[in-house]
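Position 1 is the first residue of the sequence, and the numbers go up from there. Just follow the structure's listing: the first ligand is 1, and inside any ligand the first atom is 1. When reading the values below, keep in mind they use all heavy atoms of this one structure, side chains included, and skip hydrogens, waters and symmetry mates.
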Amino acid sequence: MTFENKRILITGSTSGIGLAIAKVFAKQNATVILNGLGTIDEIKTIIADLSSQTSGLVVHYDADLTDPVAIQGMMDKVQRDLGTIDILINNAGMQFVSPIESLPKEKWDQIIALNLSSSFHTIQHCLPLMREKGWGRIINIVSTHGLVASVNKSAYVASKHGLIGLTKVVALETAEENITCNALCPGWVLTPLVEKQIKTKAEVGHKTIEEATYELLAEKQPSLKFVDPADIGEFCVFLCSEAASQITGAALPMDGGWTAR
Ligand code: NAD
């Protein structure tokens, strides 16, 4: 399958997993629509780097995805400039580690808004465009924490379980329409989101970064290896192919055995 005439929006694609997915689709010459935080210079560098690897267009649209009005503004601009969105990858997300009694209320609201509600808003906007074209792919980057829980991650786990629920409903509502909606559930991936957790683990436990990294993996991920973000990109390419047209409403782990335990 060729992606040359496909327009793909990846939220939270200025870093980590989202950026890796963007790179894989840029190499497929898709039109890549980036979103995510960063300085003007950082975003310019990302666009220049991706543009050097593709004959497709690479653009960035700004929006704080915790704000529904900003999301609407971004989606309207994308539609005005590019016409449609064929593939939507809801990836933007954040983590905050704290026991439930001390989790600040505003952190709960922020995590639910970003990790869950933003996907509702982008899907609501994209679905009519996909229906008009009779083809679409929606991938929600969830986490093993959409399937199982861990202590001190109440907002994150709740948001990710919710996102799997949303995925299933969208899949059912589009089942006959050549549109699929799936949840991809990675285990540990070494990105800034996880590096922060390793640093805290090392500080609190008076350990080296290497010791804290080993402990983090050993506790959850039987392979003892991080998931490569580029492999997540390749998995997304497969889910967007015709061969995956009957995979919909699925929560697909990519977790080195985490959820097999
Ligand atoms: P990351 O911190 O490297 O990237 C997060 C991205 O989201 C960045 O581009 C950031 O700018 C963007 N973002 C943050 N707040 C935003 C906001 N308010 N508005 C718009 N964009 C915003 O994190 P990552 O590890 O690449 O995580 C990406 C996704 O993958 C998240 O949904 C995360 O929950 C999920 N995930 C990560 C792991 C992991 O181990 N790293 C595992 C499973 C799932």
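- Between the side chains of Thr144 and Lys160, no donor-acceptor pair is found at a separation under 3.5 Å.
- A donor-acceptor pair under 3.5 Å is absent between the side-chain atoms of Ser51 and the main chain of Ala48, judged by distance alone.
- With no hydrogens or angles considered, no side-chain donor-acceptor pair links Lys107 and Gln95 at under 3.5 Å.
- If you check each of Gly36, Gly146, Ser159, Gly38 against atom 21 (N) of ligand 1, the one with the closest non-hydrogen atom is Gly36.
- Protein heavy atom nearest atom 19 (N) of ligand 1, with residue, atom name and distance: Leu65 N, 2.9 Å.
- Residue-to-ligand polar distances place Asp64 within reach of ligand 1: an N/O pair is separated by less than 3.5 Å.
- Between Glu195 and Lys199 no salt bridge is recorded (no basic side-chain N to carboxylate O distance below 4.0 Å).
- Tracing side-chain contacts under 4.5 Å through hydrophobic residues (I, L, V, M, F, W, Y), one never reaches Val194 starting from Val189; they form parts of separate clusters.
- For the residue pair Thr167/Asn140, the side-chain donor-acceptor check at 3.5 Å is satisfied.
- The distance from ligand 1 to the heavy atoms of Trp188 drops below 4.0 Å at these ligand atoms: 40 (O).
- Listed by number with element, the atoms of ligand 1 under 4.0 angstrom from any heavy atom of Gly12 are 6 (C), 7 (O), 8 (C), 9 (O), 12 (C).
- For the pair Thr14 and Ile43, the minimum side-chain heavy-atom distance is below 4.5 Å.
- Every heavy atom of Cys185 sits 4.0 Å or more from the atoms of ligand 1.
- Counting protein heavy atoms only, atom 13 (N) of ligand 1 is closest to Leu37 CG, 4.0 Å.
- Near Gly16, with a cut-off below 4.0 Å to any heavy atom, the atoms of ligand 1 are 3 (O), 26 (O).
- Remark: minimum distance from atom 31 (C) of ligand 1 to any protein heavy atom is reached at Asn91 O, 3.1 Å.
- Distances shorter than 4.0 angstrom occur between a heavy atom of Lys160 and an atom of ligand 1.
- Looking only at side-chain heavy atoms (C-beta outward), Leu34 and Val58 come within less than 4.5 Å of each other.
- Looking from atom 27 (O) of ligand 1 to the surrounding protein, the closest heavy atom is Leu193 CD1, 4.0 Å.
- Distances from atom 44 (C) of ligand 1 to the heavy atoms of Ile89, Val142, Val189 show the closest one on Val142.
- The ligand atoms of ligand 1 that sit less than 4.0 angstrom from a heavy atom of Ser15 are 1 (P), 3 (O), 4 (O), 8 (C), 9 (O).
- Counting protein heavy atoms only, atom 25 (O) of ligand 1 is closest to Thr191 OG1, 2.4 Å.
- Heavy atoms of Leu114 found under 4.0 angstrom from ligand 1 belong exclusively to the side chain.
- Put simply, the side chain of Asn35 never gets that close to the backbone of Ile10: no donor and acceptor are under 3.5 Å apart.
- Using a 4.0 Å heavy-atom cutoff, Val194 is listed among the residues neighbouring ligand 1.
- A salt bridge links Lys133 with Asp86; the closest basic N to acidic carboxylate O contact falls under 4.0 Å.
- Judged purely by distance below 3.5 Å, without hydrogens or angles, the side chains of Thr11 and Asn91 never pair a donor atom with an acceptor atom.
- Shortest contact from atom 26 (O) of ligand 1 to any protein heavy atom: Ile17 N, 2.8 Å.
- A perpendicular orientation is assigned to the rings of His145 and Trp188, their planes being inclined by more than 60° (bins at 30° and 60°).
- Each of the following atoms of ligand 1 lies closer than 4.0 Å to a heavy atom of Ser13: 9 (O).
- No side-chain N or O of Asp41 forms a donor-acceptor pair with one of Thr39 less than 3.5 Å apart.
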Quiz item: Going through the distances and angles, do Phe3 and Phe25 end up as a ring-ring contact (aromatic ring centres under 6.0 Å, His included)?
Solution: CA-CA 8 Å; Phe3 288 92; Phe25 277 95; 5.4 Å; yes
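- Listed by number with element, the atoms of ligand 1 under 4.0 Å from a non-hydrogen atom of Ile141 are 30 (O), 32 (O).
- Tested against Asn90, the residues Ile141, Ile123, Ile139 include a single side chain to side chain contact (heavy atoms under 4.5 Å, CB included) partner, Ile123.
- For the ligand labelled ligand 1, residue Tyr156 lies inside the 4.0 Å heavy-atom shell.
- Pro186 O, 3.3 Å is the protein heavy atom nearest to atom 43 (C) of ligand 1.
- The protein heavy atom nearest to atom 9 (O) of ligand 1 is Thr14 OG1, 2.8 Å.
- Close approach of ligand 1 to Ser143 (heavy-atom distance below 4.0 Å) involves ligand atoms 43 (C), 44 (C).
- Across all non-hydrogen atoms, the minimal contact from Asn29 to Ser55 is OD1-N, 2.9 Å.
- For ligand 1, none of its N or O atoms has an N or O atom of Gly18 under 3.5 Å away.
- Contacts between Pro229 and ligand 1, counted as non-hydrogen atom pairs separated by less than 4.0 Å, are absent for every part of the residue.
- Ligand 1 does not have Ala20 within reach: every non-hydrogen atom of the residue lies 4.0 Å or more from it.
- Under a 4.0 angstrom heavy-atom cut-off, Thr11 registers as lying outside contact with ligand 1.
- Relative to atom 20 (C) of ligand 1, the option among Ala22, Gly93, Ala63, Ala92 with the closest non-hydrogen atom is Ala63.
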